[in-house]
Amino acid sequence: MSQVVTRFAPSPTGFLHIGGARTALFNWLYAKRHGGRFLLRIEDTDRERSTQGAIDAILDGMRWLGLDWDGDVTYQFARAPRHREIAEELLAKGKAYRCYASAQELEEMRERARAEGRPPRYDGRWRDRDPSEAPAGVAPVIRLKTPQDGETVIEDAVQGRVVFPNKDIDDFVLLRSDGAPTYMLAVVVDDHDMGVTQIIRGDDHLTNAARQKHIYEALGWEAPKLAHIPLIHGPDGAKLSKRHGALGVDAYRGMGYLPTALRNYLLRLGWSQGDREFFTTPEMIEAFDLESIHRSPARFDFVKLENMNGHYLRSSEDSELLEALIATLPYLEGGAALAAKLDDKRKTQLAAAMPGLKARAKTLNELVDGSGFLFAERPLTLDAKAAALLSPAAKAHLAALTEKLAALEEWSAAATENIVRETAAAQGVKLGDLAQPLRAALTGRTTSPGIFDVLAILGKEESLGRLRDQAA
RNA sequence: GCGCCCAUCGUCUAGAGGCCUAGGACGUCGCCCUUUCACGGCGAAAACACGGGUUCGAUUCCCGUUGGGCGCGCCA
């Protein structure tokens, strides 16, 4: 009876953006924290703008983020008859009325209000008119009769007590002239019917909360508790645009972020308990509360997300990370090419290289990039910095080293290290003077996992081949 | 324009009247470690928007100003 029920209710007019993802996360966390249910509702009453592609993207994004919902997805449009029924009920109770004002009339109303410095709102001209005055051939909308005096008080878990003057709340539309419900009506009816006990949504809905409260009151329904969380801003403090963070969550997957890292980052954006930065999923569920949500908006910072992602990458088990990497390959830059070459041998090499690779990567894309040397075909193409390392003198040193390595019987990181160190000493050069050209010849880069590990992973034949390629 | 919300280092934040010479994290800079890069370690620079109150005492409470955000659709 007192079970907590939360919901995430996106409209499928675009992808699941980062702000929506955080809202979903908070709802999910709250439900988990209280042993409740987390429901998903697609608000597709706007037939013009809702698309199946957007629905798929949202569901896919939720799954990727690991935000599983309970039960079936509710599609709001399918509930239109129920919404109409409630609108009729309100009409019958005298809590709502038919309005025949034309679009042009409404436009004039708004313009006049603006000109006179009043809030642009419906003036209630059909509020008390007799239905017999209805113009012929005009399909009416149904509007709620809202209180004209006094104030509406919202008790919000995040915003506290917020008071709106009722004179600023007009008789808004519940049912459109074509019989379709508006968002305002649908959201109230659905939340009620779905048994939602706690609404957590963006604070762009705060003023809507006051309107919706009047619907609940007109219906005699108990309203869910509210929590309006601040929106996420872009790095410049302005609204999130596609330029900075308002990308679909699939874009974050494509940028190589781990869902666990993104969740942790999102949690800490506008929610905090002391100085603590990292939370595992069970820890987040245990710690999450509405009281610790801030009222001030936070800016999205890719740099910090990246750092956090690096932390998660490094602390991942090699096998799990490899699995995650392979699963994400189709979405990563250069991932498809890598996937095509990933046979059992390469997979084994990749697994062996993982400790050295993950220490140098902040994203899965960097992991892909760093593992490039495993998949490169001889003769390797060297990048500029690597090529610069292979001076004639360095090549001479390498040539000598190559012959010693060729004579090596037991090929291991430890064994090759001995040879390389001995050779450097014999040649009277520092280890780095030999190791760096070696790395350049072996990987084509100046950055890679430890060079002795690279030798071991590549194997004797391939290593010697690459060295001889560069000797010429 | 009207209504509502917000305001601590560049960013995320700690701070709930004296514990603050304002703490942590990311980023930045310097040093160390090192075969490179990265990781890691050490250290540095860096903030209470402004103005009034209240108080013995304000980052913390109140008011105003400024700045930012959101809302004001037969969109959601």
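Sequence lines set the chain letters: A, B, ... in the order given, protein chains first and strands last, and positions in each chain run from 1. Atom set for the values below is all heavy atoms of this structure, side chains included, hydrogens, waters and symmetry mates excluded.
- Atom NZ in K362(A) sits about 14 Å away from atom P in C37(B), given to the nearest Å.
- Rounded to an integer number of Å, the gap from CZ of R211(A) to C1' of G3(B) is 10 Å.
- A salt bridge links D170(A) and R211(A); the closest N-O separation between the charged side-chain nitrogens and carboxylate oxygens is under 4.0 Å.
- Here E462(A) pairs with R466(A) in a salt bridge; the nearest charged N to carboxylate O distance falls below 4.0 Å.
- In this structure, V420(A) reaches neither bases nor backbone, as no heavy-atom distance under 4.0 Å exists between it and the strands shown.
- Of the side-chain N and O atoms in T207(A), none sit less than 4.0 angstrom from OP1 or OP2 of C70(B).
- When the C1' atom is compared between A58(B) and G15(B), the two are found 13 Å apart, to the nearest whole Å.
- Of all nucleotides present, none satisfies the Watson-Crick or G-U wobble test against U34(B) with each distance under 3.5 Å.
- Relative ring orientation between H311(A) and F278(A) is described as parallel, the plane-to-plane angle staying below 30° on a 0-90° scale split at 30° and 60°.
- Across all strands, T447(A) comes closer than 4.0 Å to base atoms (heavy-atom distances).
- Among the protein residues, L231(A) comes within range of the sugar-phosphate backbone only, with heavy atoms under 4.0 Å from sugar or phosphate atoms but none that close to a base.
- Here A139(A) lies out of heavy-atom contact (under 4.0 Å) with every strand.
- Across all strands shown, G43(B) forms a Watson-Crick or G-U wobble pair, both distances under 3.5 Å, with C29(B).
- To the nearest whole angstrom, the two P atoms, one in A46(B) and one in C9(B), are 14 Å apart.
- When the C1' atom is used for both U66(B) and A49(B), the distance is 8 Å, rounded to whole Å.
- F279(A) and F288(A) have their aromatic ring centers separated by at least 6.0 angstrom.
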All N/O donor-acceptor pairs, side-chain side in residues 365-374 of chain A, below 3.5 Å, sequence neighbours left out:
residue, atom, partner, partner atom, Å
N365(A), OD1, E333(A), N, 3.2
N365(A), ND2, G254(A), O, 2.8
N365(A), ND2, M255(A), O, 3.4
E366(A), OE1, K362(A), N, 2.7
D369(A), OD1, R445(A), NH2, 3.1
S371(A), OG, L367(A), O, 3.1
S371(A), OG, V368(A), O, 2.9

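- Across all strands shown, U21(B) remains unpaired; no Watson-Crick or G-U wobble contact has both distances below 3.5 Å.
- For the P atom pair drawn from C26(B) and C42(B), the interatomic distance equals 11 Å after rounding to whole Å.
- Of all nucleotides present, only C63(B) satisfies the Watson-Crick or G-U wobble test against G51(B), with each distance under 3.5 Å.
- Taking atom CD on Q76(A) and atom C1' on A76(B), their separation rounds to 9 Å, with Å as the unit.
- Under the 6.0 Å distance and 45° angle rule, R41(A) does not count as a cation-pi partner of Y75(A).
- E105(A) has its CD atom 13 Å from the P atom of C74(B), to the nearest Å.
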Once each nucleotide of nucleotides 9-19 of chain B is scored for protein heavy atoms under 4.0 Å, what B/S/- sequence comes out, 5' to 3'? --SBSS-----
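- If you take atom P in G68(B) and the same atom in U36(B), they sit 49 Å apart, rounded to whole Å.
- Ring centers of H205(A) and Y183(A): under 6.0 Å apart, within the cut-off.
- Within the 4.0 angstrom heavy-atom criterion, base atoms lie near M184(A).
- Put simply, OH on Y122(A) is 18 Å from P on C72(B), counting in whole angstrom units.
- For E217(A), the side-chain contact (heavy atoms from CB on, under 4.5 Å) partners at least two apart in sequence or on another chain are K213(A), H214(A).
- Across all strands shown, R445(A) has no heavy atoms under 4.0 Å from either base or sugar-phosphate atoms.
- V162(A) comes within 4.0 angstrom of the backbone, heavy atoms only, and of no base.
- Checked against A76(B), C5(B), G27(B), the side chain of R295(A) finds its nearest nucleotide in C5(B).
- Within the 4.0 angstrom heavy-atom criterion, base atoms lie near Q436(A).
- For the C1' atoms, the distance from U65(B) to G73(B) is 34 Å, rounded to whole Å.
- K304(A) and E277(A) are joined by a salt bridge, as a carboxylate oxygen and a charged side-chain nitrogen come within less than 4.0 angstrom of each other.
- In this model, the phosphate group of U36(B) is not approached by any side-chain N or O of R439(A) to a distance below 4.0 Å at OP1 or OP2.
- A salt bridge (charged side-chain N to carboxylate O under 4.0 Å, His left out) check over residues 138-166 of chain A, counting only residues at least two apart or in different chains, returns the pairs E155(A)-R161(A).
- Spacing between C62(B) and C2(B) at atom C1', rounded to whole Å, works out to 25 Å.
- Residue R47(A) is classed as having no contact, given no heavy-atom separation below 4.0 Å to the nucleic acid.
- Counted by atom type alone, Q76(A) and D190(A) present one or more donor-acceptor pairs between their side chains at under 3.5 Å.
- Annotation: G43(B) and G69(B) have their C1' atoms spaced 38 Å apart (nearest Å).
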Protein within reach of the bases, or only the backbone? For nucleotides 40-49 of chain B, mark each nucleotide 5' to 3' as B, S or -, using heavy atoms under 4.0 Å. S---------
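- The side chain of L206(A) sits closest to C5(B) out of C74(B), G27(B), C5(B).
- With the nearest nucleotide of RNA chain B identified for both V138(A) and G450(A), G450(A) has the one nearer the 5' end.
- Look at R421(A) and you'll find a side-chain N or O under 4.0 angstrom from OP1 or OP2 of U35(B).
- Among the atoms of the strands shown, base atoms are found under 4.0 Å from some heavy atom of I451(A).
- Between the CG atom of D168(A) and the P atom of G1(B) there is a distance of 15 Å, rounded to whole Å.
- Among the heavy atoms of the strands lying under 4.0 Å from N208(A) is at least one base atom, whether or not backbone atoms are also near.
- For G3(B), the paired base is C70(B) (Watson-Crick or G-U wobble, both distances below 3.5 Å).
- For the pair E306(A) CD and C39(B) P, the interatomic distance rounds to 11 Å; values are reported in whole Å.
- Nucleic acid contact for T13(A): none, since no nucleic acid atom lies under 4.0 Å from a heavy atom of the residue.
- Protein atom CG of N307(A) is 12 Å distant from nucleotide atom C1' of C39(B), rounded to whole Å.
- Looking at residues two or more places apart in sequence or on another chain, you find no ring pair (Phe, Tyr, Trp, His ring centres under 6.0 Å) involving Y257(A).
- Relative to the six-membered ring of Y265(A), R263(A) misses at least one condition, a distance below 6.0 Å or an angle of at most 45° to the axis.
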